[in-house]
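What you see below is based on every heavy atom in this structure, not just the backbone, and it leaves out hydrogens, waters and symmetry mates.
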Amino acid sequence: MLQTVFPDLRQLKPVGCKRDKQLRLAFGRFRKKSALLDGKTITNEYRAADRWIACDCLGSVPRPPLIYPHRKNGIQREPAGRGPEHDEYCDFAKYPEQQAEVVNSYKRSEPTTRPRRLAPSFLGRRPNDSRELTTSTIARSRPGLAKLLIELLEAANTSTLETGALDDSPDRLTRQIEDIKVAAERVWLDRNQPLSNWLATSFTEYLDLRSRLDDENRDWFFGRPHGLYIDTFVRIEQTTLYQREKGNKPFIEVDGRLYVYGGYEAVRVPYLALCFVAKPNPDAKPRVMRAYAHPCLNATNWALMDSAIEKDTLGEILGLKRYLQPRNIELTILKPISDVGPAFVTERPVCIPDFVVTATGPDRLVPTAVVETIGIKSPIYDRRKEQMKVWHEQVFATAEHPTTPIVRHERAGLTTDNDIANSDNDFWQRLRQTFSSARGRTER
């Protein structure tokens, strides 16, 4: 709960549940303009009493992030560097205008024939200045390479998951790569330079791409020659991507910033990476100058996953899909990778459900359900899921079903096989009851 303090941080006093909610609604990044008047009444009172507001997002810390009452705007965050930063998922981590920028960065890309301009000219700045591994999260704007990766994967329809999605299938990978290459024909890196001419989808093709870029010593129309390499990797160390669990070859060394969604965790491999390949200067050899990596389902299915537990959730949904097929209900499983929230509202969370399951057939009870995997237990995480709930319930609603059911797969804090099995079974049963009233044999 928020607390009030004097400027020297003496006398921390909780603001109370009602005021805590009013302040978040009035000035949080998901503000409601109707709550602004009540919020300003509170902050004007604190300003007159020479009180500041201490945020609780970091838990019990000696020096919490501070919020200053402001006469015109209601509140003002501390200047960067003066005190600890808010947790990135905190209501006060961003102003509403900044949150709108984050939401817009996750919206589905519109088709365009304009060159992407991913690289400056040789006379311009270097594409990257230093090697750095950066964690990418949904609380921050989506990096440019991530947007392009999502665009290619959506064109290849990797988000629709079929019955054998968890199985290794070289044929499926071949189809996905072919679809990505077709999509690349509609992406322009520069004038008269389609991505399809400069896209590598294997390490062998990457070496060929480097060789061809090595022969390009003059700028294209808008910038230096460059290409992209997309592939899976099973290990990340510092800014180096490895394709094998043991041994160091083949590998890709990123000579710049490497964005990794959620940070690197060995349990989430493999990672699908989109790498930007160019020369740092006209006399240098081409190399990977920056990259974005995101966990995917497996080496032969490039559908993106946010966590290892989501793969377990998918396994349960696929099991239910098989169970309901002979009962006149067909399930379609979608793993959204772009924002699906209302386009006209941006002061809200990024709306990307873990899974969206739709049902067809004469015996189905509801047309759509949202599935959320709960893998973390913390106040900030719980509040974030609660904030997203109202949007998930509305996005897929219909006149017949004005509220979309949300089924949670609770796996936070579970460590024993028995507890995990019980949780999986409970989730499966609740999801079955959401779509079907079939009686008789209901075990998995």
Side-chain angles (χ1 to χ4, degrees), residues 1-2 17 20-21 23-25 28-32 55-59 86-94 96 99-100 102-103 105-106 135-142 159 261-263 265 268 294-295 304-314 316-317 333-342 345-357 366 368-397 403-415 419-420 423-424 426-428 430-431 434:
M1 182 182 295
L2 301 174
C17 293
D20 183 278
K21 183 177 181 179
L23 289 168
R24 294 180 190 276
L25 287 176
R29 55 181 175 163
F30 310 135
R31 71 177 173 189
K32 294 186 179 297
C55 190
D56 63 341
C57 63
L58 299 183
H86 293 266
D87 182 276
E88 64 180 353
Y89 290 107
C90 174
D91 289 320
F92 301 102
K94 290 180 174 63
Q99 178 61 24
V102 173
V103 171
S105 75
Y106 283 85
T135 298
S136 174
T137 74
I138 206 167
R140 308 172 192 172
S141 292
R142 180 171 264 173
S159 295
Y261 184 84
E265 294 180 20
R268 299 198 299 161
H294 197 120
L304 300 186
M305 295 281 137
D306 294 343
S307 68
I309 299 177
E310 280 190 359
K311 299 178 184 180
D312 296 338
T313 301
L314 175 60
E316 298 299 323
I317 302 173
I333 306 164
L334 179 68
K335 182 73 175 74
I337 50 179
S338 289
D339 180 81
V340 295
V345 180
T346 55
E347 293 172 1
R348 58 171 174 81
V350 175
C351 188
I352 304 181
D354 291 339
F355 297 95
V356 177
V357 185
V366 298
T368 308
V370 167
V371 171
E372 285 287 279
T373 301
I374 309 301
I376 301 174
K377 184 176 291 185
S378 74
I380 290 285
Y381 182 83
D382 293 342
R383 184 182 296 157
R384 179 163 64 93
K385 287 293 186 181
E386 190 63 30
Q387 289 168 336
M388 290 191 292
K389 179 181 176 182
V390 63
W391 300 104
H392 291 170
E393 288 177 336
Q394 295 175 8
V395 165
F396 303 100
T403 301
T404 301
I406 299 173
V407 185
R408 292 160 59 106
H409 187 196
E410 303 280 356
R411 287 285 292 271
L414 302 183
T415 55
D419 288 343
I420 291 173
S423 175
D424 292 347
D426 176 69
F427 163 70
W428 189 92
R430 285 185 289 108
L431 189 60
T434 299

Nearest heavy-atom neighbours spanning [X] and [Y]:
X	Y	answer
F355	E310	CZ-O, 3.5 Å
T368	V356	CG2-CG1, 3.7 Å
T373	K385	O-NZ, 4.0 Å
V357	I317	CG2-CG2, 4.0 Å

Do the non-hydrogen side-chain atoms of [X] and [Y] ever get within less than 4.5 Å of each other?
X	Y	value
F30	M388	no
C351	Y106	no
R24	L2	yes
V103	E347	no
D306	K335	yes

- request: Check whether more than 12 heavy atoms from other residues, nucleotides or ligands sit under 6.0 Å from atom NZ of K389, and answer yes or no.
  value: no
query: In terms of the angle between their ring planes, are F92 and H86 parallel, tilted or perpendicular, with boundaries placed at 30° and 60°?
result: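 Geometry flag for H86 against F92: tilted rings.
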- prompt: Could you walk me through whether V371 and D354 pass the side-chain contact (heavy atoms from CB on, under 4.5 Å) check?
  reply: CA-CA 6 Å; V371 171; D354 291 339; 5.6 Å; no
message: Go through it in stages, so that I can follow the logic: the residues are D382 and R408, the test is salt bridge (Lys or Arg N to Asp or Glu O under 4.0 Å), and I'd like the CA-CA distance, side-chain angles, deciding distance and then a yes or no.
response: CA-CA 12 Å; D382 293 342; R408 292 160 59 106; 5.3 Å; no
